[in-house]
S.K.: 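I'd like to ask some things about the structure below.
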Number of protein chains: 2
Amino acid sequence: MAEISRATLRRYPVYLKALRKLSQNGVKVIRSNELSQYVDIKATTIRHDFSLIGQLGKQGYGYDIEELIRIFAEALGEDYDEEMILIGVGRLGKAILNYNNWNHVAGEIVCAFDLKPEVRNQETQVNVPVYHISQLKEKFPKGCEIAILCIPSGAQEIVNELHELGVKGIVNFTREHFVLPEGMIKSDVDVVSTIEELLFEVNSMNK
Amino acid sequence: MAEISRATLRRYPVYLKALRKLSQNGVKVIRSNELSQYVDIKATTIRHDFSLIGQLGKQGYGYDIEELIRIFAEALGEDYDEEMILIGVGRLGKAILNYNNWNHVAGEIVCAFDLKPEVRNQETQVNVPVYHISQLKEKFPKGCEIAILCIPSGAQEIVNELHELGVKGIVNFTREHFVLPEGMIKSDVDVVSTIEELLFEVNSMNK
DNA sequence: ATCTATTTGTGAATAATTTATTAATCTTCA
DNA sequence: TGAAGATTAATAAATTATTCACAAATAGAT
């Protein structure tokens, strides 16, 4: 597999989301042109992105949606049920836990860590155990590579610990600044920053 | 002001966040090199990005943090309290409403819309009125340009309506697909996609 | 079975973005 | 006050990403 650029990697989830939606609607086959309209990405870019994974389509025909989803899901991780952990079970953390919609879509949260595990265990309505943060090393699921960070402070220390435990990717909900250890990647989910970005753009539109 | 690229626009919130943090810690002046280490963006890129807004720094000295924050905040919007609305006051919508931390940081949510306004008004602990979605046109705050979308379905219709009302930017929390009307921009805040993106990357790291 | 309409896949060309370099400007300290 | 050292701003080079153009392949019609 050729080196896939970050830009392309970022588009794959967009394709996958669209394909799942189309599949739900009973669409079986799609041309790059149609998908282009749907996701607002140039058809040539789509074909280029797809071609990096392999020969996914048939000339003169298009792409088989089920097949495509299967291939993407495979590229996403073994059996697409990557094990993830959640750190911090506050308001947002709970919302994430309760929102179980991504089971078998983008992995599964197998356990969570918090400073008040007893309280949190009662509060959450799902069957995901919450352990005390001090038990991180002890209860850490073997082979887990993704951690979702929802803590208000102390991110750096946790991140360092996670790095040592072999975590490669952080889904970062905190607004705290931390230095990312070598070899780790993160994706920020930051409402404030998102809004700010949008404001910058909207304002530069106005000029 | 020269045309600022999308890539640069996306970095501004990162700078702003870092600058605020530094300011809190009592730092008054920063060199592009120091900021570079802090945010993990090359110093040359930072200087380039900054120079697009104006001559923000002093040679041989660095950047004055307070000044920088002021300039950024100004670029962000008048008096940095842009008015925003929230559509959909479910679990996530409520979390966003309650999380009032961004007042005077990235604008303010002035009102919200939902299918069950009475219930929602009781549930939320903040002083933001929730109106019925059918009252969107009626209660829409004049001049509002940003809408936060937290509804489980029916996004397209709402988006079209918002477009007519003059909304320019959508902060999109829905997983629903919708076509963005001409002249509108959106930013997706999608945990599943974020995790998927991370998985794609982590998996391509493993190879 | 053959021909024609389509549509993908590929590699090259173009465009955009990031990084490096150079020149100019500022601060500081003697 | 002036020179040394530091740092930005502007420009050039390198890298990365997107788009284009066309060959190769397929489905479907006749």
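Lettering follows sequence order; numbering is per chain, from 1. Please read these numbers as outputs of a predicted model, since none were measured by experiment.
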S.K.: Rounded off to whole Å, could you give me the CD1-to-P distance for the B/I53 and D/dA10 pair?
M.R.: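 Answer to the nearest Å: 13 Å.
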
S.K.: Name the pairing partner of C/dA1, where a pair is Watson-Crick or G-U wobble with both distances under 3.5 Å, or state none.
M.R.: D/dT30

S.K.: Can a side chain N or O of A/Y63 be found less than 4.0 Å away from OP1 or OP2 on C/dG9?
M.R.: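 Yes.
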
S.K.: Does a sphere of radius 6.0 Å around CD in B/Q156 hold more than 12 heavy atoms from other residues, nucleotides or ligands, not counting ones at 6.0 Å or beyond?
M.R.: yes

S.K.: Please state how far atom OH in B/Y61 lies from atom C1' in C/dC26, giving the value in whole angstrom units.
M.R.: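 These atoms are roughly 11 Å apart.
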
S.K.: Using a heavy-atom cut-off of under 4.0 Å over every strand shown, decide if A/R47 touches base, sugar-phosphate, or nothing.
M.R.: base

S.K.: Could you label the plane-to-plane angle of the B/F200 and A/Y12 rings as parallel, tilted or perpendicular, counting under 30° as parallel and over 60° as perpendicular?
M.R.: tilted

S.K.: In whole angstrom, give the distance that lies between atom CD1 of A/I46 and atom P of D/dC20.
M.R.: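 Distance check: A/I46 CD1 to D/dC20 P gives 14 Å.
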
S.K.: Does CD in A/Q37 sit with more than 12 non-hydrogen atoms of other residues, nucleotides or ligands closer than 6.0 Å?
M.R.: no

S.K.: Pick base, sugar-phosphate or nothing for A/F50, based on heavy-atom distances below 4.0 Å to the nucleic acid.
M.R.: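 A/F50: no heavy atom of the nucleic acid under 4.0 Å.
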
S.K.: Under a 3.5 Å cut-off for both contacts, is C/dC26 paired Watson-Crick or G-U wobble with anything, and if yes, with which nucleotide?
M.R.: D/dG5

S.K.: Is it the case that B/K21 places NZ or CZ above or below the six-membered ring of B/Y38, under 6.0 angstrom from the centre and within 45 degrees of the axis?
M.R.: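 No.
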
S.K.: Taking only N and O in the side chain of A/Q59, is any of them less than 4.0 Å away from OP1 or OP2 of D/dA23?
M.R.: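 Answer is no, no contact under 4.0 Å.
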
S.K.: Considering only D/dT26, C/dG11, C/dT18, which nucleotide approaches the side chain of A/H48 most closely?
M.R.: C/dG11

S.K.: Can you check whether A/Q55 has a side-chain N or O nearer than 4.0 Å to OP1 or OP2 of C/dT10?
M.R.: yes

S.K.: Would you indicate whether A/E157, at its atom CD, is surrounded by more than 12 heavy atoms from other residues, nucleotides or ligands within a distance under 6.0 Å?
M.R.: no

S.K.: Once you round it to whole Å, what is the distance between P of D/dT7 and CG of B/L56?
M.R.: 17 Å

S.K.: Going by a 90° cut-off around 0, is C/dA5 syn or anti?
M.R.: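 It is syn.
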
S.K.: Provide, to the nearest angstrom, the distance between the CD atom belonging to A/E34 and the P atom belonging to C/dT6.
M.R.: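 In whole Å, C/dT6 P lies 13 Å from A/E34 CD.
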
S.K.: What is the nucleic acid contact for B/S5, judged by heavy atoms within less than 4.0 Å: base, sugar-phosphate only, or nothing?
M.R.: sugar-phosphate

S.K.: Has B/T45 got a side-chain N or O lying under 4.0 Å from the OP1 or OP2 atom of C/dT19?
M.R.: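 Checking C/dT19 against B/T45, a side-chain N or O does come within under 4.0 Å of OP1 or OP2.
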
S.K.: Taking only side-chain nitrogens and oxygens of B/S32, does any of them come within less than 4.0 Å of OP1 or OP2 of D/dT8?
M.R.: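 For D/dT8, OP1/OP2 do have a side-chain N/O of B/S32 under 4.0 Å.
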
S.K.: Is the B/F72 ring parallel, tilted or perpendicular to the B/Y15 ring (thresholds 30°, 60°)?
M.R.: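 Tilted.
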
S.K.: Starting at atom CZ of B/R11, determine the distance to atom P of C/dT18, rounded to an integer number of angstrom.
M.R.: 4 Å

S.K.: Report the distance from atom CG of A/L52 to atom C1' of C/dT10, rounded to the nearest whole Å.
M.R.: 11 Å

S.K.: Tell me the interatomic distance from B/D40, atom CG, to C/dT19, atom P, rounded to whole angstroms.
M.R.: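 The answer, rounded to whole Å, is 10 Å.
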
S.K.: On DNA chain C, does the nearest nucleotide to A/T44 precede the nearest nucleotide to A/G60 from the 5' side, or the other way round? Give the residue.
M.R.: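 Whichever sits nearer the 5' end wins; that is A/G60.
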
S.K.: Go nucleotide by nucleotide along DNA chain D from the 5' end; which of A/A7 and A/K58 gets its closest nucleotide reached first?
M.R.: A/A7

